[in-house]
Amino acid sequence: MAQPGWHRQLNPAQRAAVENLKGPLLVLAGAGTGKTRVVTYRIVNLVRHGVPAQRILGVTFTNKAAKEMRQRAARLLGGKRNQAPEISTFHALCVRILRRHITHLGYPASFAIYDRGDQEGVARAALREIKIATAELRPSDLLYFIGQWKTRGFQPAEAIQEAETDRQHLAASAYRRYQATLHAAGAVDFDDLLLLTDQLFCQVASVRRAEAGRFDHVLVDEYQDTNHSQYRLVKALAGGHRNLCVVGDDDQAIYSWRGANLEHILRFKVDWPDAEVVNLEKNYRSRPEILQMANTLITFNSTRHDKQLIPIRAAGARPRILQLEDEVEEARAVVRDIRRQLALGVRPKHVAVLFRTNEQPRPLEAELRRAGVPYVLVGSMSFYDRREVRDMLAYLKLIESPTDDVSLLRIINRPARGISQKMTGLLTQHAIREGVSVWEVLPQADRVPGVSRPAVKAARDFVALTGQWQERFAHSRSLSGTATELVAALGYRDELQRTYPDPAEWEPRWQAVEQVINALASYQKQVRQPSLRGFLDAVAIDDRQDSDKEEKLQQNAIALMTLHAAKGLEFPHVYLVGLEENLLPHRKAIEAGERAVDEERRLCYVGLTRAQDCLTLSLALTRQKWGRTRETLPSRFLYELTGQADHPRAPHQPDRSARPTPAGAGPA
DNA sequence: GACTCGAGTCCCGCC
DNA sequence: GACTCGAGTC
């Protein structure tokens, strides 16, 4: 068979990964070794060899990755829509599976998906119900514990067994309550999407067979980031045909804190003994000087597949290290340098500033604004946190799933309709006692002791109103049109104007409402069979149709983002700021011990390997922390990556008098 | 029950 | 520095 043109563009290792089509395959791909290209070409090659595209499943972790892969595959396959492979994130895949089969687990098919804000409400209520003072355990702490358990696959019963400290015991019993509340409300949280799908596959063999039977080939990107449930899902989906290809890099495992287990990629050969292994080491992205730093740094980690990134590109500039007085000076120096590059003709979109924590970009933003340099802060999802947006979504959620108590309680008196907090409290308590949702109590509010007559009427009116809009949405030909009518009928705009007389206050809030409707409009334009539930699912799993962030990234602007958000991306010019002890590696990681610091080192490694041509590292000698100026210490990673640390694993002795002279360090 | 005020704590990262 | 929480006050 004649080889298509792209075949010649692959090196032997890549070709092996693309051509070996049968059975399990592990592709260990370092940073910048053409991983995405290999996955996409492999899909294309499968289709060339007669596998129907829709029988191929590609799984990624982020929507961005899924979108990119989908677009590339479509381009190479000639873009026939009915010929598209199924490429989605783990979460999107699970939502689709659960929508079809979740009734087996006793949840309604119209289950709501709770986001972080909703979860906090449920957590708070759970703590209150079992009489745990928030001083002992705050809702956010509880959610942290629950997240830890869920991403490791623990049900409440197992969590109770597993609990050691007092706090863990409290949290474990609150977890049981929390889960019961979700179940009663017909709702699931984000982690449940994976957990329940796994549970479904275990308990209902016919469902597992049906879902696994939809595909002949499964490909998984970033396999080193799979958690317990994801690992089991992959096994369940690929166990029959065994045509499983996983791609990953153990040196880029940076998500253990959300349950990712490096073991999964390290033991792939044990799980699939007949697996072939392909190593991709040739790096097409970065200059050798950058790779040398990255290679040197990562050897300080002990548990890893021993491999090196081999540079393909010609020599370039040596990475620089800037040392500044404080974080404001650091921001100034970085922005000054960026402007210099821009003046030389570098395009803004080719520059990224990377940092460890979300408080770091503040001074950078200030400097960039002052300098008039266009920038985009990637990953801060403030829009969907806004009160007005959450109100609108709560209305839509309630219309879609009336048993969703969190949404109901959010808007039952917004705009004010005479159901006071006290009345709501009585209704909620009654619902808990009866073991039903608040929605079911409302029509019989008169039977609840203490509820006033006007409140009874208001409750009934509210039920009627919701029912009416359920009807209208059910028969709606334009979701955004109906939503516009809903907002008008609610008098939401008047309410905003009443609450915030100053136009500077209410206008942006009103615009937020309009943006929800815009998002709905763009959703129904993009999807073949739009539904309210489909829109809410997309919003919940972050598959934002209006994703203006991404548009901005395409636009010509400097990208500001965390190291975690930068994974998978590349830029000609990269600035990695804040290379200080307690920041990178983060204080919490240092306290947690060596393994956690290893993950920080991988995080730093991810940052270094984002750079194609120019890499600049920086640190500040002092930094504001909680309102006080504190002295900092240079990051141990600076000593390691410049080859100034003893090897391997020299005990790190932070010492201000023995400041490193990291090559090229000095004021800008 | 709504309010102020001071103490104590603090967000590391995200689908 | 910003935020939450609980004590204390009206």
Side-chain angles (χ1 to χ4, degrees), chain A residues 59-67 88-95 113-116 119-120 124 127-128 132-141 143-144 147-148 150-151 188-195 197 221-222 225-227 229-230 233 252-260 327 354-363 378-382 384-385 420-422 425 537-544 547 549 561-568 578 580-592 596-597 599-604 606-607 623-630:
Chain A
V59 192
T60 64
F61 276 78
T62 66
N63 287 298
K64 193 156 53 181
K67 200 167 166 185
S88 66
T89 62
F90 272 106
H91 287 91
L93 178 70
C94 289
V95 169
I113 303 171
Y114 280 180
D115 62 24
R116 176 76 197 194
Q119 284 176 266
E120 287 231 11
R124 179 161 287 141
L127 290 170
R128 204 179 311 127
I132 295 175
T134 47
E136 284 179 272
L137 194 68
R138 287 164 312 172
S140 60
D141 296 335
L143 288 179
Y144 169 79
Q148 293 289 308
K150 285 194 174 182
T151 51
V188 308
D189 68 19
F190 216 74
D191 294 324
D192 281 341
L193 293 174
L194 301 169
L195 206 57
T197 307
D221 195 15
E222 309 282 18
D225 288 336
T226 47
N227 69 24
S229 309
Q230 288 158 336
L233 287 174
Q252 293 188 68
I254 55 174
Y255 283 114
S256 72
W257 51 272
R258 63 176 200 209
E327 71 271 23
L354 310 181
F355 39 84
R356 176 66 177 86
T357 70
N358 274 321
E359 61 181 355
Q360 285 172 266
R362 283 165 206 277
V378 180
S380 65
M381 40 166 288
S382 50
Y384 283 82
D385 289 337
S420 69
Q421 271 205 331
K422 192 177 166 192
D537 282 355
V539 168
I541 60 176
D542 205 29
D543 185 7
R544 313 270 163 82
S547 59
K549 284 276 151 50
M561 64 185 107
T562 64
L563 288 164
H564 284 92
K567 188 158 138 194
E580 296 146 33
E581 287 290 301
N582 297 322
L583 202 49
L584 184 64
H586 194 270
R587 192 185 97 244
K588 298 264 184 183
I590 296 173
E591 285 166 6
V597 173
E599 180 149 319
E600 298 287 305
R601 193 176 283 106
R602 290 193 290 268
L603 201 49
C604 184
V606 165
R623 191 171 286 273
Q624 294 275 333
K625 182 83 177 164
W626 296 332
R628 288 226 307 275
T629 302
R630 289 154 202 259

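So you know, we letter chains A, B, ... as the sequences are listed, proteins then strands, and number each from 1. Heavy-atom basis, side chains included; hydrogens, waters and symmetry copies ignored.
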Round to a whole Å and report the spacing from [atom1] of [X] to [atom2] of [N].
X: A:Gln148; N: B:dC12; atom1: CD; atom2: P; value: 14 Å
X: A:Lys64; N: B:dC14; atom1: NZ; atom2: P; value: 11 Å
X: A:Glu591; N: B:dC12; atom1: CD; atom2: P; value: 10 Å
X: A:Asn582; N: B:dC12; atom1: CG; atom2: P; value: 11 Å
X: A:Tyr144; N: B:dT9; atom1: OH; atom2: P; value: 19 Å
X: A:Arg628; N: C:dA2; atom1: CZ; atom2: P; value: 16 Å
X: A:Ile590; N: B:dC12; atom1: CD1; atom2: P; value: 12 Å
X: A:Asn227; N: B:dG13; atom1: CG; atom2: P; value: 20 Å

Task: Salt bridge present between A:Glu580 and A:Arg356 (N-O < 4.0 angstrom) - done: no

Task: Carboxylate-amine/guanidinium proximity below 4.0 Å for A:Lys588 and A:Glu591 - done: no

TODO: For the residue pair A:Leu584 and A:Leu563, establish whether any side-chain heavy-atom pair is separated by less than 4.5 Å.
DONE: yes

- [ ] Answer yes or no as to whether B:dC14 has its base stacked against A:Tyr255, where stacking requires a ring-centre separation under 5.5 angstrom and planes under 30 degrees apart.
- [x] no

Open item on the list: Going by centres under 5.5 angstrom and planes under 30 degrees, do the aromatic ring of A:His586 and the base ring of B:dC12 stack?
Closed with: yes

TODO: Have a look at A:Phe190 and say if it touches a base, only the backbone sugar-phosphate, or nothing, with a 4.0 Å heavy-atom cut-off.
DONE: base

Compare the minimum distances between each of [options] and the side chain of [X], then state the nucleotide with the smallest one.
X: A:Trp257; options: B:dC15, C:dG1, B:dG13; result: B:dG13
X: A:Trp626; options: B:dC12, C:dG1, B:dC15; result: C:dG1
X: A:Lys588; options: B:dC12, B:dC15, B:dG13; result: B:dC12

Task: Any A:Asn358 side-chain nitrogen or oxygen under 4.0 Å from OP1 or OP2 of B:dC14 - done: yes

TODO: Tell me whether the OP1 or OP2 atom of B:dC14 has a side-chain N or O from A:Thr562 closer than 4.0 Å.
DONE: yes

Task: Aromatic contact, A:His586 with A:Trp257 (centres under 6.0 Å) - done: no

Open item on the list: Quick check: closest heavy atoms across A:Thr151 and A:Asn227, and the distance to 0.1 Å?
Closed with: O-CB, 3.6 Å

